[in-house]
Amino acid sequence: MIAEPGQILRQVFGYAAFRPQQAEIVAHVMAGGSGLVLMPTGGGKSLCFQVPALCMPGLAVVVSPLIALMEDQVAALRQQGVAAAALHSDIDDEARRDIRRQMGDGSLKLLYVSPERLTMDGTLDSLARRDIALFAIDEAHCVSQWGHHFRPEYRALTVLAERFAHVPRLALTATADARTVEDIRSQLSLEAAPVFRGGFDRPNIFVRAAPREQERAQLRGFINRVSDGRGAGIVYCGSRAKTESTAEWLRKDGLDALHFHAGMDGADKRAHHRRFARGDAVVMCATIAFGMGIDRPDVRWVAHTDLPRSPESWYQEIGRAGRDGLPAEALLLYGAGDIAIARHRIQESPASDEQKRIERSRLEAMVAIAEAATCRRRILLRCFGDDLEQDCGRCDVCANPPKLWDGTVAAQKLLSAVLRTGQRFGVGHVIDVLRGRLTDKVAQHGHDQLPTFGVGKDVSDVTWRGVARQLVAQGALDVAVENHGELLPTEAARPILKGQAAVMMRADMIETGSPAARDRERASPVTSDNPAFDALREWRKSEAKAQGVPAYVIFHDRTLAEIADRMPSSLDQLAEVPGVGATKLERYGDAVLEVMRGV
Ligand code: ADP
Ligand code: ZN
């Protein structure tokens, strides 16, 4: 029997309506069609295959690259009363037998499986004997060498098109970059299938970026402002060592911080992953290796302490915040050195010229976002082919438009200080010269005798660093990253020095210290003065602990907030709350009403 998708959506998942695109994709798959789904992280990709899986007869097979991810999704589905299981190298014989039995009697609806396990002959043979409803290939960009998550095992998935030609294959990813999309289509034999493209905006994520002036103070100020002791946060760092040192000082600051990077052994990775999935107010300091397994919907903020290499990476990483739709924030800290280092890295990489050209244009797009003087989200979304009709009002530039100033004279002063000191010094020394500081180094080199000595006395260090950084961003200045960070004017500096080109600069705004109360209000997703919400969270915590599952698989924060708001006094009223499906109502309804009566 084929169930009706809208009914499954309401009954099992407790949601009233599909999001744009979801309904179309579900109908397409149920009609036997294959396709590629491009939606941002948190856009609602899972329902695109979970709903058809429950509507159609047979077993839905979901390919997933990470054990932790599979486990959490299966736990969440089971909470909703769905017969789901995960098949991977880490499960014991008993669990495997159980899966085989459930496949045999047709009771299993969703099987999550790692690509290497799926493409083993035994697994394929056993699937070939069953009625397969669909294949979902999650995180499909793993099949592409162009991205940074290439998984060779994904290449073997071509076998699905050959052996199961009539079974719909739905590939899903948040990477929208054209090159990767083409690669997915050809690798998974989806050339003839439609591409479903969701809107890429995630309006609940407030985006901001700032020059890295005092990293710790800036990060501390940000975390204090956006976190209210609930939910989780992620700090992305540019190196493994930095993830460890950052976690360490955050712990000294009293936060529950841990690190994650590809150099850790498997058991440690899993343990940290688990702590992140389950802890309250936990902070993960990680390299980009930490990513795909993050299913937690209540990540409240994501910070980057180094410049990401492309808008795609940045958006994917910040997209891990606020999947529950509640307010979340992203902060990017970056410096002139990051830009220069990234450029040099591309230059010196062994990649083909074509690949370098692509990497370079991605990087420059990222620099443009970081240096934005107009709505940051519009610039960001344009990279994904989305054009906002107006400024977003949900980014730092919209909230607080930076002053633009004519930096031509400042740029000339700085460039000439660089030239007169022989292009042998980093930004610190050049600023000492400009500001007329008689340091030992200045005296030793006789730089106090230069005509540029002290010409920039009245301008702050922060502003001078901003001038230098913006000249780097605009390509007029290079930084010798393989040496000692000497500043080197490029060809593009010549017209500026000659007065033939004007340079507009953005006044940098550096926020540290403690926040205004108004800001705190804006960032805090749920009012903390609702005792019902707190009581529900307490109840959920003990329930999750008793079952050994992450709290959010019981109910999302958003659902609890809604319940606290409505204060239902009957099961019928509770059933109306979005996120409360039939199984959860049956399992937890009485307990929730009990909590309601207690407040
Ligand atoms: P993705 O896999 O694209 O990152 P998810 O499938 O995890 O996103 O969905 C993100 C969040 O949105 C989840 O909390 C999910 O329950 C919720 N969601 C998805 N579709 C709907 C819908 N139609 N109505 C309400 N919430 C939804
Ligand atoms: Zn904006």
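First listed ligand is number 1; within each ligand, the first listed atom is number 1.
Under the 4.0 angstrom criterion for non-hydrogen atoms, His556 is in contact with ligand 1. For Gly325, the heavy-atom gap to ligand 1 stays at 4.0 angstrom or more. Under a 4.0 angstrom heavy-atom cut-off, Thr41 registers as being in contact with ligand 1.
With respect to atom 1 (P) of ligand 1, the closest heavy atom belonging to the protein is Gly42 N, 3.5 Å. Of the protein's heavy atoms, Arg323 NH1, 3.3 Å lies nearest to atom 7 (O) of ligand 1. Protein heavy atom closest to atom 18 (N) of ligand 1, with residue, atom name and distance, is Arg19 NH2, 3.4 Å.
For the residue pair Glu371 / Tyr334, a side-chain donor-acceptor distance below 3.5 Å is found, with atom types taken as modelled. In the model, Arg323 has no side-chain atom that pairs as donor or acceptor with a side-chain atom of Tyr552 under 3.5 Å. Donor-acceptor pairing under 3.5 Å is lacking for the side chains of Glu116 and His88. Side-chain polar atoms of Gln73 and Tyr112 form a donor-acceptor pair below 3.5 angstrom. Looking only at atom types and distance, the side chain of Gln316 has no donor-acceptor partner in the side chain of Glu312 under 3.5 Å away. In this model, no donor atom of one side chain and acceptor atom of the other lie less than 3.5 Å apart for Gln470 and Arg506.
Polar contact check, Leu47 against ligand 1: no nitrogen or oxygen pair lies under 3.5 Å apart. Any N or O atom pair closer than 3.5 Å counts here, and Gln22 shares at least one such pair with ligand 1. Of the polar atoms of Lys45, at least one N or O is found under 3.5 Å from an N or O of ligand 1, judged by distance alone.
Scanning both residues, Pro65 and Pro115, for their nearest heavy atoms gives CA-CD, 4.4 Å. Of all heavy-atom pairs between Arg377 and Asp201, the closest is CD-OD1, 3.2 Å.
Contacts between Pro40 and ligand 1, counted as non-hydrogen atom pairs separated by less than 4.0 Å, involve the backbone only.
Electrostatic pairing of Arg300 and Glu329 does not count as a salt bridge here, judged by no charged N lying under 4.0 Å from a carboxylate O.
Closest to atom 15 (C) of ligand 1 by heavy atom, among Tyr552, Tyr15, Phe18, is Tyr15. When the heavy atoms of Ala17, Gly319, Gly44, Cys48 are ranked by distance to atom 8 (O) of ligand 1, first place goes to Gly44.
Taking a cut-off of under 4.0 Å to the non-hydrogen atoms of Ser46, the atoms of ligand 1 that pass are 2 (O), 5 (P), 6 (O), 7 (O).
Put simply, the angle at the Zn ion (ligand 2) from SG in Cys392 to SG in Cys398 is close to 120°, to the nearest 10°.
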